2 protein chains.
Amino acid sequence: MTALQSPFARKLGAFVTLSTLELSVLERLHSRRRTFVAGRDISHEGQTDQAAYILASGWVCSYKLLTNGSRQIVDFQIPGDFLGLRSVLLRTADHNIEPVTLIEASEVPVKDLMETFDATPRLGAAVLWAASRDEAMVVEHLVGLGRRDARERMAHFLLELSARLKLVGLATADGYACPLSQYLLADALGLSAVHVNRVLRELREMGLVTFQNGQVTFQDFDGLVALADFDTAYLDHEGPLMP
Amino acid sequence: MTALQSPFARKLGAFVTLSTLELSVLERLHSRRRTFVAGRDISHEGQTDQAAYILASGWVCSYKLLTNGSRQIVDFQIPGDFLGLRSVLLRTADHNIEPVTLIEASEVPVKDLMETFDATPRLGAAVLWAASRDEAMVVEHLVGLGRRDARERMAHFLLELSARLKLVGLATADGYACPLSQYLLADALGLSAVHVNRVLRELREMGLVTFQNGQVTFQDFDGLVALADFDTAYLDHEGPLMP
DNA sequence: CGGGCAATTGACTCTCATCAAACTGCGTGG
DNA sequence: CCACGCAGTTTGATGAGAGTCAATTGCCCG
């Protein structure tokens, strides 16, 4: 896979034009390709000396555990997303990272990351910008947990994933393949798995979306947008401020 | 106020040693001092060309509104905190910023910010590190909204504020002055104001904390920590990776 | 064929929102 | 100096949304 085709380049390319040099630097970042099996954590809260990764294929989740045994998934990462950038900046991982499926990811050692920032500041800015965009997503999740009911939360979540997946060519207007179990959805949306099931049934019976056999299919996209009060503004920022 | 005494320098100084040059650059960042009255927003979602601010005194909240009229406060900022960094990086504000009290803040134009990154990379790294720490806090809030009940949330919130305020000398082991109304607490914790009141009463009757007349007083700090499952790890990261 | 995991459904419970109504402290203006 | 209004706090009563417990179904895979 060349950098031009990599989901990461594709995502950045949707917002800025990258020079040949920058594309080749991107390609070099993809040299340390690794695979990880589903379910075994890549990184644990409290670990130091973390590497960052760029996800090439498969899905990942970032989560935190509470001592009472429950867990909260902070976000899912899809191809083209950066993993563990904050953990690198803070020197210690502040959350756990678990592959949801078999994944391929390119390890980016701190040194390479710093050198990239130095050698191609435009790429550095792009990475920072992507990180800010991810943070905006986390904020939106927080708003959902605080002020949306279960139906709205689910609708919003499915729509956000749709927008993100479209950017890397993994979704169409009709829907997308989604490898998440109802337990994972529950941990992400702050609900119980049982309630997730009921909410999905409701949305299906309302004729809005179906989520069955790992496939999300929109029946009434606009209706879903209306229900979720979904506004893509937080995803559709202008590209990074390029030096 | 010299940079040495500013809450921002004080906060950074708790994690790294700053050179005289760096302190003087910091001081220059504080030149455009402005004041804002409580209740009138400094910045609105969707606005472009945002400036960033360093908060010198007073309290601020960042929030988002939903079309159904409810609002979710994402975080409060206290003296020493940066405001609107993400809005600058994304070129568009993705949330609103409202002073809770009369505040003093130093405006930091994008240009100055970039120049600082360029001229004193260590300060740039420090700012980035502080931003990552703030993001870790947002993540912790998200976990609270998703997986903690009202009592735990309130306890955790009061403890986090305590830790943050201590860092800039605004709290003692006994407690701190807190200008937040129960409505603000409600919007931050994803609760109704009525329920906030009941929860505060409960915590008081359990002999853990009191929050009355704008003063938070700990009666049983350890008991509160236990109830909240509070772990300062997400606040106590090592200092920034200094180039 | 049996084990195991995810999805599904029903019955019951509990936390928290909502509505309503006092009550407080406080600044303003008559 | 007091009446008034207002914003914030406090308390009670009721109901809805979501959790928990439990049982069943469907399906994949050894």
Side-chain angles (χ1 to χ4, degrees), chain A residues 37-39 59 61 66 68-73 100-102 144-158 177-206 209-217 227, chain B residues 37-40 59 61 66 68-73 98-102 144-155 157 177-206 209-216 227:
Chain A
V37 299
W59 291 45
C61 71
L66 279 75
N68 67 26
S70 61
R71 88 165 171 176
Q72 177 64 46
I73 292 176
V100 170
T101 65
L102 176 70
L145 288 174
R147 292 298 183 202
R148 280 192 252 264
D149 68 21
R151 272 206 323 235
E152 295 167 340
R153 239 130 89 186
M154 178 65 76
H156 196 277
F157 177 80
L158 295 176
C178 180
L180 306 177
S181 73
Q182 295 184 354
Y183 288 92
L184 286 168
L185 292 177
D187 283 344
L189 300 177
L191 301 170
S192 68
V194 172
H195 203 58
V196 162
N197 186 283
R198 287 193 249 264
V199 168
L200 284 175
R201 174 157 57 89
E202 247 189 301
L203 293 179
R204 193 184 327 128
E205 289 172 351
M206 291 169 78
V209 242
T210 63
F211 184 170
Q212 281 166 325
N213 306 115
Q215 185 68 33
V216 173
T217 311
L227 169 66
Chain B
V37 298
R40 174 135 63 243
W59 292 44
C61 72
L66 280 75
N68 66 28
S70 61
R71 86 166 172 176
Q72 178 64 47
I73 291 177
E98 173 187 321
V100 170
T101 65
L102 177 69
L145 287 175
R147 291 300 183 202
R148 279 192 251 264
D149 67 21
R151 272 206 321 234
E152 296 168 338
R153 239 131 88 188
M154 178 64 77
F157 177 81
C178 180
L180 306 177
S181 73
Q182 296 183 353
Y183 288 93
L184 287 168
L185 292 176
D187 284 344
L189 299 176
L191 301 170
S192 67
V194 173
H195 203 58
V196 162
N197 185 281
R198 287 193 244 266
V199 168
L200 284 175
R201 174 155 59 89
E202 249 189 297
L203 293 179
R204 195 184 326 129
E205 288 171 353
M206 292 168 78
V209 242
T210 63
F211 185 169
Q212 282 167 323
N213 306 115
Q215 184 68 33
V216 173
L227 170 66

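Here the structure is a predicted model, which means the values were calculated and not measured. So you know, we letter chains A, B, ... as the sequences are listed, proteins then strands, and number each from 1.
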Closest to side chain of His195(B), choosing from dG19(D), dT9(D), dA17(C)
dA17(C)
For the pair made of CD in Gln212(B) and P in dG8(D), what is the distance, rounded to whole Å?
17 Å
Classify the nucleic acid contact of Leu191(B) as base, sugar-phosphate or nothing, counting any heavy atom under 4.0 Å across all strands shown.
sugar-phosphate
Starting the side chain at C-beta, find the nucleotide from dA18(D), dG8(D), dT9(C) nearest to Ser181(B).
dG8(D)
Rounded interatomic separation in angstrom, taking CG from Asn197(A) and P from dT20(D)
16 Å
Of Tyr183(A) and Arg147(A), the one whose closest DNA chain C nucleotide lies more 5'
Tyr183(A)
Of all the nucleotides listed (dA18(D), dC16(C), dT18(C)), which has the minimum atom distance to the side chain of Ser192(B)?
dT18(C)
In whole Å, I'd like the distance from the CG atom of Leu184(A) to the P atom of dA6(C).
9 Å
What heavy-atom pair brings Cys178(A) and Phe211(A) nearest, and what distance separates the two atoms?
SG-CZ, 3.6 Å
Under 4.0 Å from OP1 or OP2 of dT10(D): is there any side-chain N or O of Gln182(B) that close?
yes
Would you tabulate the side-chain donor-acceptor contacts of residues 180-192 of chain A under 3.5 Å, counting partners in other chains and residues two or more places apart, or write 'none'?
unit_1: Ser181(A); atom_1: OG; unit_2: Tyr183(A); atom_2: N; d: 3.3
unit_1: Ser181(A); atom_1: OG; unit_2: Leu184(A); atom_2: N; d: 3.2
unit_1: Gln182(A); atom_1: OE1; unit_2: Asn197(A); atom_2: ND2; d: 3.0
unit_1: Asp187(A); atom_1: OD1; unit_2: Arg147(B); atom_2: NH2; d: 3.0
unit_1: Asp187(A); atom_1: OD2; unit_2: Arg71(A); atom_2: NE; d: 2.8
unit_1: Ser192(A); atom_1: OG; unit_2: His195(A); atom_2: N; d: 3.2

Roughly, in whole Å, what's the span from CE in Met154(A) to P in dA7(C)?
11 Å
Can you see which heavy atom on Val100(B) is nearest to which on Pro179(B), and at what distance?
CG1-O, 4.0 Å
Whole angstrom is fine here: how far is it from CG in Asp149(A) over to P in dC16(C)?
16 Å
Write down the distance between CG (Leu189(B)) and P (dT15(C)), rounded to a whole number of angstrom.
18 Å
Closest non-hydrogen atoms of Val37(B) and Leu102(B), given as atom of the first, atom of the second and distance, are CA-CD1, 3.9 Å
Is Gly190(B) touching bases, backbone alone, or none of the nucleic acid, heavy atoms closer than 4.0 Å?
sugar-phosphate
Can you give me the closest heavy-atom contact between Arg151(B) and Glu202(B), atom names plus distance?
NH1-OE2, 2.7 Å
Specify the separation, in whole Å, of atom CG of Asn213(A) and atom P of dG26(D).
14 Å
Of the listed nucleotides (dA18(D), dA20(C), dG10(C)), which one gets closest to any side-chain atom of Val194(A)?
dG10(C)
In whole angstroms, the gap separating C1' of dG17(D) from CZ of Arg153(A) amounts to 10 Å
For dT20(D), does the base pair up with any side-chain atom of Arg198(A) as donor and acceptor (N or O, under 3.5 Å, distance only)?
yes
